[in-house]
Amino acid sequence: MKTEDGEALPPLTRERAERELETAGKMNPGGWVAHSKFCALACEKIAEKIPHLDAGTAYVLGLMHDVGRREGVFQEKHLLDGYRYCSRFGWTQAARICITHAFMIPDVTAGVGRLDVPAEDVAFLKRYLESVEYDDYDRLVQLCDGLALPGGFCFLETRILDVALRYGVPACSLARWRRLFEIKARFEEIIGGSLYDLLPGAKLPL
């Protein structure tokens, strides 16, 4: 893919994704950086056991899912910031994940954070979610976002409580939780075992 000036856009390699996260972390330091690293490792470890997924791609997408936080401390605004940043470089799959990771229910009203964006951006998110058909990379990052804390891998229940304590429990919460456990069960059926066996140190306590 090239720019309008004919220059080649940089591919989103593992090394480039790691540099992008490092730069983003310097721009907006916080626990989200370590969380993203553990999310990426969880994506990689699980994808290694799923024949139709590429572990390297899964790692990169997990690493980049919150890259929009580079712009500062916001709630759902980071989804669009990440989407737009990745889109500038032609990283369409990563751009997509920046949005879809937060909506395991593909409905703009089914997020947990405040929609701290203008009305036209809410309308864009609505159209985008209505048009996208989730694949297993979307589902994997949604799941692994729920298996990673800044301090390491965790059980889904731990992450659910972590998010609820910070954002509250909106009306969509039960549907979101059910969907996460459905995704977990589907991947576990594919690999024939517990995902937690692939994630060293996963534990319930916060």
Side-chain angles (χ1 to χ4, degrees), residues 24 28 30-33 35-36 38-40 42-43 46 58 61-88 91-150 154-188 195 206:
N28 178 30
W32 72 272
V33 179
H35 156 73
S36 296
F38 280 109
C39 177
C43 286
I46 294 170
L61 296 176
L63 207 64
M64 294 290 286
H65 79 281
D66 267 348
V67 75
R69 295 194 184 279
R70 70 197 306 278
E71 301 298 334
V73 180
F74 302 103
Q75 294 198 21
E76 301 297 60
K77 181 177 181 292
H78 82 280
L79 309 179
L80 280 165
D81 286 338
Y83 174 85
R84 289 169 176 153
Y85 181 75
C86 290
S87 295
R88 281 171 46 195
W91 301 334
T92 55
Q93 194 173 17
R96 166 188 171 124
I97 291 293
C98 286
I99 291 178
T100 63
H101 82 269
F103 294 99
M104 56 284 300
I105 308 294
D107 184 324
V108 73
T109 66
V112 295
R114 181 169 53 86
L115 285 168
D116 49 348
V117 295
E120 57 266 29
D121 285 344
V122 175
F124 170 80
L125 282 172
K126 183 177 186 296
R127 292 193 304 271
Y128 189 89
L129 291 169
E130 288 172 349
S131 68
V132 71
E133 184 174 346
Y134 287 177
D135 61 22
D136 276 347
Y137 288 109
D138 295 297
R139 298 182 188 100
L140 180 63
V141 178
Q142 290 165 358
L143 177 65
C144 292
D145 189 24
L147 295 173
L149 288 169
C154 65
F155 283 11
L156 276 180
E157 292 88 342
T158 310
R159 176 70 166 151
I160 285 171
L161 179 58
D162 168 66
V163 173
L165 288 171
R166 289 185 291 120
Y167 292 99
V169 184
C172 62
S173 295
L174 285 177
R176 289 172 56 90
W177 299 342
R178 289 192 184 101
R179 183 61 56 85
L180 280 175
F181 282 104
E182 288 169 1
I183 295 170
K184 176 176 176 288
R186 181 173 180 274
F187 286 141
E188 287 183 329
L195 298 183
L206 282 172

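All heavy atoms count here, side chains included; hydrogens, waters and symmetry mates do not.
- Residues passing the side chain to side chain donor-acceptor pair (under 3.5 Å) test with Arg96 are Asp138, sequence neighbours excluded.
- Using modelled atom types, one side-chain atom of Arg176 and one backbone atom of Ala102 make a donor-acceptor pair closer than 3.5 Å.
- When the ring-ring contact (aromatic ring centres under 6.0 Å, His included) test is applied to His101, the partners found at least two apart in sequence or on another chain are His65, His78.
- Atom CZ of Arg69 is separated from atom SG of Cys98 by 11.0 Å, given to the nearest 0.5 angstrom.
- Looking at heavy atoms from C-beta onward, Val169 lies out of side-chain contact with Val112 at the 4.5 angstrom threshold.
- Checked against side chain to side chain donor-acceptor pair (under 3.5 Å), Glu182 has the following partners two or more places apart in sequence or in another chain: Arg179.
- Proximity of Asp81 to Arg70: side-chain heavy atoms (C-beta onward) are nowhere separated by under 4.5 Å.
- By the 4.5 Å heavy-atom criterion applied to side chains, Leu125 and Leu115 are counted as neighbours.
- Partners of Ala58 under the side chain to side chain contact (heavy atoms under 4.5 Å, CB included) rule, at least two apart in sequence or in another chain, are Cys43, Ala47, Tyr137, Leu140.
- Counting all heavy atoms, side chain and backbone alike, Cys172 lies closest to Gly111 at SG-O, 3.5 Å.
- Note that the CG atom of Leu143 and the CZ atom of Arg159 stand 11.5 Å from one another [nearest 0.5 Å].
- Under the side chain to side chain contact (heavy atoms under 4.5 Å, CB included) criterion, Leu129 pairs with Ile99, Phe103, Val108, Tyr134, not counting sequence neighbours.
- The two residues Pro170 and Ser173 have their closest heavy-atom pair at O-OG, 2.9 Å.
- Residues Ile160 and Phe181 form a side-chain contact, since some pair of their non-hydrogen atoms from C-beta on lies under 4.5 Å apart.
- Rounding to the nearest 0.5 Å gives a distance of 13.0 Å between CG of Asp162 and CD of Glu157.
- Looking only at side-chain heavy atoms (C-beta outward), Tyr83 and Trp91 stay at 4.5 Å or farther from each other.
- Between the side chain of Asn28 and the backbone N or O of Gly72 there is at least one donor-acceptor pair closer than 3.5 Å.
- Pairing each heavy atom of Ser87 with each of Ala95, the nearest pair is OG-CB, 3.5 Å.
- The shortest non-hydrogen separation linking Ala94 to Met64 is CB-CB, 4.4 Å.
- Residues Pro150 and Gly31 approach most closely at CG-O, 3.4 Å, considering heavy atoms.
- The two residues Leu149 and Cys154 make their nearest non-hydrogen contact at CG-SG, 3.8 Å.
- The side chain to side chain donor-acceptor pair (under 3.5 Å) search around Tyr128 returns none, not counting sequence neighbours.
- Atom CG of Leu195 is separated from atom CD1 of Ile46 by 4.5 Å, given to the nearest 0.5 angstrom.
- In this structure, the side chains of Pro118 and Asp121 come closer than 4.5 Å at one or more pairs of heavy atoms.
- In terms of the side chain to side chain contact (heavy atoms under 4.5 Å, CB included) criterion, residue partners of Asp116 (sequence neighbours excluded) are, by chain and number, Phe74, Gln75, Glu76, Lys77, Arg114.
- The stretch residues 156-176 participates, sequence neighbours left out, in no ring pair (Phe, Tyr, Trp, His ring centres under 6.0 Å) pair at all.
- Glu130 pairs by the salt bridge (charged side-chain N to carboxylate O under 4.0 Å, His left out) definition with Lys126, not counting sequence neighbours.
- Contact check for His35 versus Asp145: side-chain heavy atoms found under the 4.5 Å cut-off.
- With sequence neighbours excluded, the residues that form a salt bridge (charged side-chain N to carboxylate O under 4.0 Å, His left out) with Arg139 are Asp136.
- Taking the side chain to side chain contact (heavy atoms under 4.5 Å, CB included) definition, one finds that Asp107 meets it with Ile105, Thr109, Ala110, sequence neighbours left out.
- Every residue two or more places apart in sequence or in another chain was checked for a side chain to side chain donor-acceptor pair (under 3.5 Å) with Ser36, and none qualifies.
- The distance from the CG atom of Leu147 to the CG atom of Leu156 is 4.5 Å, given to the nearest 0.5 Å.
- A distance of 9.5 Å separates CG in Leu79 from OG1 in Thr100, rounded to the nearest 0.5 Å.
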